[in-house]
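Before any comments, here is the structure.
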Amino acid sequence: MMDDLKILPGYFDAEAQRQLLDDIRTVVRAAPLFTPVMPRSGKPFSVRMSNCGGLGWVSDKDGYRYQPQHPVTGRPWPAIPHRLLDAWAHLADYPGPPEACLINFYSSTAKMGLHQDRDEETFDAPVLSVSLGDTALFRIGGTKRADPTRSVRLASGDVVVMGGKARLAYHGIDRVMAGTSSLLADGGRINLTMRRVTPGR
Ligand code: MD3
Ligand code: FE
């Protein structure tokens with residue numbers, strides 16, 4: 001199971017992190033962060049989100065789904081920055097490019113409950129995650145909710161590749177450790193996850 005979870009500490013060095021942050025600021029100017037709500041209950045997430053790529057992940061009262069337009073502006077999502085596409089090409093071991101890149105922004109109090117990523121039509125590609133800003137306490141378990149979990153700190157510049165059995169592992173963010181990075185002047189954490197939604201190249 002965990003042999004399919006690859007953690008690459010410091011994959012992006014300090015300069016690459018600043019460039020990536022610049023790329024994401026440009027994306028978020030065109031596709032502003034929005035606050036998703038839980039299906040049915042309408043309870044807001046503590047994490048704010050945006051996307052880049054042909055498809056973006058959204059959640060609203062009707063459910064979770066991927067869609068080609070921003071839910072608030074109605075515009076198509078911006079393209080995925082080349083630095084992220086390069087990391088996918090080097091690390092994903094998949095014949096095609098990512099179709100979606102979800103941008104999660106965590107304030108110092110935001111968290112994400114234990115969940116599986118299973119809104120995609122295919123699980124044959126890995127999910128590739130990039131962390132920027134304050135360190136997070138990441139929890140990962142097995143493919144059943146009740147499976148034992150372990151905690152891993154994810155710091156700015158770290159990349160995680162979830163392939164094979166780890167692709168359907170339960171995971172979440174327990175907390176963000178304020179003051180652990182100076183990348184974001186106002187603190188907080190950004191996580192980028194590149195995904196394949198449909199099979200093929
Ligand atoms: C393990 N994001 O967006 S990234 C998510 O840090 C999400 O924002 C977290 O969970 C974050 O869905 C965790 C690391 C991650 C992403 C996807 C996974 C771990 C994963 C998919 C399967 C298993
Ligand atoms: Fe997830």
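All ligand and atom numbering here is 1-based and tracks the order in the structure. Basis for what follows: all heavy atoms, side chains included, without hydrogens, waters or symmetry-related copies.
Using a 4.0 Å heavy-atom cutoff, His115 is listed among the residues neighbouring ligand 1. For the pair Arg139 and ligand 1, no heavy-atom separation below 4.0 Å is found. Ligand 1 lies nowhere less than 4.0 angstrom from a heavy atom belonging to Val160. Not a single heavy atom of Ala136 lies less than 4.0 angstrom from ligand 1.
Those atoms of ligand 1 that come under 4.0 Å of a heavy atom in Arg195, given as number and element, are 3 (O), 5 (C), 12 (O). Atoms of ligand 1 lying under 4.0 Å from any heavy atom of Ser129, numbered from 1 in the order shown and given with element: 4 (S), 14 (C). Near Tyr106, with a cut-off below 4.0 Å to any heavy atom, the atoms of ligand 1 are 6 (O), 8 (O), 9 (C), 11 (C). The contact set between ligand 1 and Met112, taken as ligand atoms under 4.0 Å from a residue heavy atom, comprises 2 (N), 5 (C), 7 (C), 10 (O). Of all atoms in ligand 1, listed by their number and element, those nearer than 4.0 Å to a heavy atom of Ala166 are 22 (C), 23 (C). Heavy-atom proximity to Ala169, at under 4.0 Å, picks out these atoms of ligand 1: 23 (C). Counting atoms of ligand 1 from 1 in the listed order, those under 4.0 Å from a heavy atom of Leu102 are 3 (O).
As for Asp117, its N/O/S atom nearest the Fe ion (ligand 2) is the one called OD1. Looking at His171, its N, O or S atom nearest to the Fe ion (ligand 2) turns out to be NE2.
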Step-by-step side-chain contact (heavy atoms from CB on, under 4.5 Å) determination, Arg75 to Gln69: CA-CA 5 Å; Arg75 291 194 297 259; Gln69 292 96 11; over 6 Å; no
Arg65 and Asp60: CA distance, side-chain angles, deciding distance, side-chain contact (heavy atoms from CB on, under 4.5 Å) verdict: CA-CA 9 Å; Arg65 64 190 174 277; Asp60 62 19; 2.7 Å; yes
Test salt bridge (Lys or Arg N to Asp or Glu O under 4.0 Å) applied to Lys165 and Asp4, step by step: CA-CA 6 Å; Lys165 289 222 179 92; Asp4 294 318; over 6 Å; no
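Minimum heavy-atom separation, Arg195 to Tyr66: NH1-OH, 3.1 Å.
Among the atoms of Asp117, some N or O lies under 3.5 angstrom from an N or O of ligand 1.
Of the protein's non-hydrogen atoms, Phe138 CE1, 3.9 Å is the one closest to atom 13 (C) of ligand 1. When only non-hydrogen protein atoms are considered, atom 22 (C) of ligand 1 lies nearest to Arg167 O, 3.2 Å.
For atom 16 (C) of ligand 1, the nearest non-hydrogen atom from the set Met162, Arg189, Met194 comes from Met162.
In this model, a donor atom of one side chain and an acceptor atom of the other lie less than 3.5 Å apart for Ser129 and Asn191.
His70 and Trp77 have tilted rings, their planes meeting at an angle from 30° to 60° on a 0 to 90° scale.
Note on Met194 and Leu20: same hydrophobic cluster, where clusters join Ile, Leu, Val, Met, Phe, Trp and Tyr whose side-chain heavy atoms are under 4.5 Å apart, directly or indirectly.
Of the charged side-chain nitrogens involved, none lies within less than 4.0 Å of a carboxylate oxygen, so that Asp124 and Arg167 do not count as a salt-bridged pair.
Phe12 CZ to Leu132 CG: the interatomic distance, rounded to the nearest 0.5 Å, is 8.0 Å.
With a 6.0 Å radius and a threshold of 12 heavy atoms from other residues, nucleotides or ligands, Asp13 has its CG atom above the threshold.
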